[in-house]
Amino acid sequence: MNPLKGRAIFFVTRNINKFNEARRVLAEYKIAVAMLRLKTIEIQDDDVENIARMRAIDALEKSNLPLIVEDAGLFIKSLNGFPGPYSSYVYRTIGSRGILKLMGDVDDRSAQFRSVVVYCSPEEQVRLFRGVVDGKIATEARGSSGFGFDPIFEPEGGGGKTFAEMTIEEKNRLSHRSKALRSFAEWYKGMR
Ligand code: ITT
């Protein structure tokens, strides 16, 4: 029996910002979460859900602990959903500035962040929880908090601020990640 079992859920990620957001959301449900910096296989797929599912199964095989992984992507309507499942690579290569360039002065700036949280444990089946936030790509980068594409994404209901102009609490009221995590937390609490 693993001595860490039953104490907390492990969030497998190498992104500290993601972990900090998740920790606060889950704390509202009194769910303790620890960061597990495990390197997992990252399959190539057009579907964020498949990528997350495979990562979760791989992480479970490597750790044998109850865990969640979360994968997210930015889907821009006028770019036919790009960068979507390739968000991480696109962020590392052309970044927010590159996206702004690609958008030029396109009128329809609608975009969506999508998140999928995958839970699995040695005893239970794999479970998926989804969260989405609609918004717009800003015309210039604004704000310095958060990470990734936060400076160029204005969520609906955010009063025109970008995610990077918000505190973690404000972002957590609106974000794709917080919605997927809340859906997970409701289910998890109901199970125990
Ligand atoms: P993992 O270790 O958990 O995989 P990651 O940084 O690779 O962390 P994802 O694959 O889930 O995270 O996210 C892909 C990219 O999408 C990420 O590098 C960001 O550029 C962007 N992204 C995801 N969620 C975001 C958010 O809440 N705000 C801004 N950008 C986000």
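Computed from a predicted model, the values in this text were never measured in an experiment. One-based numbering, in listed order, for ligands and for the atoms of each.
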**Q** Can you pull out the closest protein heavy atom to atom 30 (N) of ligand 1? Residue, atom name and distance to 0.1 Å, please.
**A**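 Looking at atom 30 (N) of ligand 1, the protein heavy atom closest to it is F149 N, 3.0 Å.
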**Q** CD of E61 to CD1 of I41: how many Å apart, nearest 0.5 Å?
**A**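 That separation rounds to 8.0 Å.
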**Q** For V69 and T40, what are the C-alpha separation, side-chain angles and deciding distance, and is it a side chain to side chain contact (heavy atoms under 4.5 Å, CB included)?
**A** CA-CA 10 Å; V69 305; T40 50; 5.7 Å; no
**Q** Heavy atoms only, cut-off 4.0 Å: how does K171 contact ligand 1, side chain, backbone, both, or neither?
**A**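 Answer for K171: side chain.
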**Q** Just to confirm my output: which protein heavy-atom neighbour is closest to atom 16 (O) of ligand 1, and how far is it?
**A**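 I find the closest protein heavy atom is S87 CB, 3.4 Å.
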**Q** Return the option from T40, V69, D71, L74 holding the heavy atom at the smallest distance from atom 10 (O) of ligand 1.
**A**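 Comparing heavy atoms across T40, V69, D71, L74, the nearest one to atom 10 (O) of ligand 1 lies in D71.
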**Q** Considering heavy atoms of the protein only, find what lies nearest to atom 6 (O) of ligand 1 and give residue, atom and distance to 0.1 Å.
**A**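 Closest protein heavy atom to atom 6 (O) of ligand 1: N15 ND2, 3.0 Å.
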**Q** Centroid separation under 6.0 Å, is that true for the rings of F153 and F149?
**A**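 Distance test on ring centres: not under 6.0 Å, no.
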**Q** Quick one: which ligand 1 atoms are inside 4.0 Å of a heavy atom on T13?
**A**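 Those atoms are 1 (P), 2 (O), 3 (O), 8 (O).
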**Q** For the pair E156 and K136, find out whether any cationic side-chain nitrogen is under 4.0 Å from an anionic carboxylate oxygen.
**A**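 Salt bridge flag = no for K136 with E156.
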**Q** Do the side chain of R97 and the main chain of I94 share a donor and acceptor less than 3.5 angstrom apart?
**A**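 No, the answer is negative, given that no donor and acceptor are paired below the 3.5 Å cut-off.
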**Q** Among all protein heavy atoms in this structure, tell me which lies nearest to atom 4 (O) of ligand 1, with the distance rounded to 0.1 Å.
**A**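 Going atom by atom, the protein heavy atom closest to atom 4 (O) of ligand 1 ends up being R55 NH1, 3.3 Å.
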**Q** Considering only protein heavy atoms, which is closest to atom 19 (C) of ligand 1, and at what distance to one decimal place?
**A**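 Minimum-distance protein heavy atom for atom 19 (C) of ligand 1 reads G148 CA, 4.0 Å.
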**Q** Run the numbers for me: atoms of ligand 1, each under 4.0 Å from some heavy atom of H176, listed by number.
**A**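 In order of numbering, the contacting atoms are 24 (N), 25 (C), 26 (C), 27 (O).
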**Q** Is D150 near ligand 1, meaning one of its heavy atoms is under 4.0 Å from it?
**A**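 Distance cut 4.0 Å: D150 passes for ligand 1.
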**Q** Does any N/O atom on R177 come nearer than 3.5 Å to any N/O atom on ligand 1?
**A**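 So ligand 1 has an N or O lying under 3.5 Å from an N or O of R177.
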**Q** Note the single closest protein heavy atom to atom 12 (O) of ligand 1, along with its residue, its atom name and the distance in Å.
**A**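 Result for atom 12 (O) of ligand 1: K18 NZ, 3.0 Å.
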**Q** In terms of the angle between their ring planes, are F184 and F129 parallel, tilted or perpendicular, with boundaries placed at 30° and 60°?
**A**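 Perpendicular: the ring planes of F184 and F129 meet at over 60°.
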**Q** Would the distance check show the side chain of T13 and the main-chain N or O of F19 forming a donor-acceptor pair, the cut-off being under 3.5 Å?
**A**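 Absent.
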**Q** Quick test: of every protein heavy atom, which one is nearest to atom 23 (C) of ligand 1, and how far off is it to 0.1 Å?
**A**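 Its nearest protein heavy-atom neighbour is A72 CB, 3.6 Å.
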**Q** List every atom of ligand 1 that sits less than 4.0 Å from any heavy atom of R14, numbering the atoms from 1 in the order shown and giving each element.
**A**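 That gives atoms 2 (O) of ligand 1.
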**Q** Less than 4.0 angstrom from a charged side-chain N to a carboxylate O is my criterion; do K171 and E21 meet it?
**A**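 Salt bridge flag = yes for E21 with K171.
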**Q** At their closest point, which heavy atom of P66 faces which heavy atom of P122, and how far apart are they?
**A**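 Between these two residues, the closest heavy atoms are N-CD, 4.0 Å.
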**Q** Please report which non-hydrogen protein atom sits nearest to atom 17 (C) of ligand 1, along with the residue it belongs to and the distance in Å to one decimal place.
**A**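 Residue, atom and distance for the closest contact: S88 CA, 4.3 Å.
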**Q** Check Q112, H176, K77 against D134 for a side chain to side chain donor-acceptor pair (under 3.5 Å) and give me the one that passes.
**A**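 Going through the options one by one, the only one that passes is Q112.
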**Q** Of the choices F147, F19, Y91, Y89, which has the non-hydrogen atom that lies closest to atom 26 (C) of ligand 1?
**A**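 Considering heavy atoms of F147, F19, Y91, Y89, the nearest to atom 26 (C) of ligand 1 sits in F147.
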**Q** Heavy atom to atom 22 (N) of ligand 1, shortest distance: which of F163, F113, F153 holds it?
**A**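 Heavy atom nearest to atom 22 (N) of ligand 1 belongs to F113.
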**Q** Determine, for Y29 and R182, whether the Lys NZ or Arg CZ falls below 6.0 Å from the six-membered ring centre while staying within 45 degrees of the axis.
**A**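 Cation-pi check for R182 and Y29: fails.
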